[in-house]
Amino acid sequence: MSINKSCAAMVTQISRDPSVPNWSSVEIPDAWPDQLAFSRPSVLWGFLKQVIARKRPTVKLPEGMPGRDIIPKYILREFHNFPNGNYSKLLAQRYIRNFDRFMLGEIKSLRKRMALEFQGAQRVLDVGCSGGGVAGELVSAGVEDVWGIDPSPYFLKLAAQAHPQVKFVQAIAEESGFPDRRFQGATACFLFHEMPIKFVELSLKEIHRILEPGGLLVIGEPSPVQARTGYWKMFRRHGIRGIYFRWFAQTIHEPFLDTWHDCDLKALFDRNGFDLIGDEIGMPIRYIQVRKRADTE
């Protein structure tokens, strides 16, 4: 294809991009946790009992929430011992603020590492962008055209405030809304372990569709090490940090984590058109690199 035809094709693709809301003006309703009077001890105690409860309730999406009709049922499973998950102004803000603290700085380092993979790239999508941390690092790494998608408008509004250079769109990983071959690369940070494998497959098919041949997908996930190693071995190998991450893995609610850890990732990526080129099982992070096969149309 000539340079002129290639440029024309890219302009056509960009014209088919999803529209980017002005998140500062998007009205998002309060969810039920946002309406609680935490100054009342009985209310605070009732909320804390929900945080530590073994049986996790279903997420309740408020009426009038943008994108309410696109949220799959599996997302309504509660994660992370946060009542109502990622669908609350209060808790979305707390999650973004405290996640790095709970992970002892490991996520901050992971975001930078992921972004550095794309130095020299022009078009990268962060899938499941949450508060926009990886997308922001991609901008810092020099990527010109950075997008982020997430199903939670609560996350997206906060992400747009923190990273105004990034274009944030409400979408699910399985249906991004972008044209074919739109991006040179994609990132997914702590995303796939929160999905049933059926939907991981659908998401990989979608990412495959919107990546150029040879495009890189970089994935960061919780490592199976802290989930499946006893306290004594964790202490011998990793010291106090090992004890902490073993406790954290046992305590935090992740309904699909074991299924993810049991998955044959090489086979998973292979049948969805990707070559597994790196799989580093550290502690507490598993760092994965896959590339869309260049001969796959």
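Position 1 is the first residue of the sequence; numbering continues from there.
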Check this for me: [X], atom [atom1], are more than 12 non-hydrogen atoms of other residues, nucleotides or ligands nearer than 6.0 Å?
X: Q250; atom1: CD; value: yes
X: R236; atom1: CZ; value: no
X: K205; atom1: NZ; value: yes
X: W32; atom1: CH2; value: yes

>> N272 vs D270, test: side-chain contact (heavy atoms from CB on, under 4.5 Å). Steps then yes/no.
In response: CA-CA 5 Å; N272 288 288; D270 181 68; over 6 Å; no
Quick check against the 3.5 Å criterion: does [X] have a side-chain atom that pairs as donor or acceptor with the backbone of [Y]?
X: R181; Y: R209; result: no
X: R237; Y: W232; result: no
X: E221; Y: F192; result: yes
X: R286; Y: P224; result: no
X: R123; Y: G185; result: no
X: N98; Y: R94; result: yes
X: D34; Y: L90; result: yes
X: R291; Y: G215; result: no
X: K292; Y: L217; result: no

Ring centres under 6.0 angstrom apart ([X], [Y]):
X: H208; Y: F274; result: yes
X: F235; Y: H238; result: no
X: F178; Y: W147; result: yes

> Do D150 and S152 have a side chain donor and acceptor closer than 3.5 Å?
Replying inline: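 There is no such pair (donor and acceptor under 3.5 Å, judged by atom type) between the side chains of D150 and S152.
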Single-linkage hydrophobic cluster, 4.5 Å side-chain cutoff, [X] and [Y] together:
X: V26; Y: F168; result: yes
X: L116; Y: I107; result: no
X: Y231; Y: M283; result: yes
X: I288; Y: L257; result: no

Between [X] and [Y], is any pair of side-chain heavy atoms under 4.5 Å apart?
X: T187; Y: F118; result: yes
X: M195; Y: L191; result: yes
X: N84; Y: K60; result: yes
X: V200; Y: L202; result: no
X: D126; Y: I149; result: no
X: P151; Y: Y87; result: yes
X: Q184; Y: Q122; result: yes
X: I197; Y: C263; result: yes

Answer yes or no: is there an ion pair linking [X] with [Y], defined by an N-O contact shorter than 4.0 Å?
X: D180; Y: R16; answer: no
X: E212; Y: R182; answer: no
X: E137; Y: R113; answer: no
X: D258; Y: R228; answer: yes
X: R271; Y: D264; answer: no

>> By the side-chain hydrogen bond (donor to acceptor under 3.5 Å, both in side chains) test, which pairs, at least two apart or in different chains, include something from residues 160-177?
In response: Y74-E174, D145-K167, S176-E206
> Measuring from L76:CG to I71:CD1, what's the distance to the nearest 0.5 Å?
Replying inline: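 The CG atom of L76 sits 7.5 Å away from the CD1 atom of I71.
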> According to the interplanar angle, ranging from 0 to 90°, do the rings of Y95 and F99 count as parallel (below 30°), tilted (30 to 60°) or perpendicular (above 60°)?
Replying inline: parallel
> Between F248 and Y244, what is the ring plane arrangement, given parallel below 30°, perpendicular above 60°, and tilted in between?
Replying inline: parallel
> Run the side-chain contact (heavy atoms from CB on, under 4.5 Å) check on C129 and V134 step by step: do they pass?
Replying inline: CA-CA 7 Å; C129 63; V134 175; over 6 Å; no
> So which heavy atom on P213 is nearest to which on A294, and how close?
Replying inline: CB-O, 3.6 Å
> Yes or no on side-chain hydrogen bond (donor to acceptor under 3.5 Å, both in side chains) for Q289 and E117, after CA distance, side-chain angles and deciding distance?
Replying inline: CA-CA 10 Å; Q289 303 145 297; E117 300 269 11; 2.8 Å; yes
>> Apply side-chain contact (heavy atoms from CB on, under 4.5 Å) to residues F245 and E106 and explain how you reach the verdict.
In response: CA-CA 11 Å; F245 280 112; E106 294 283 349; 4.1 Å; yes
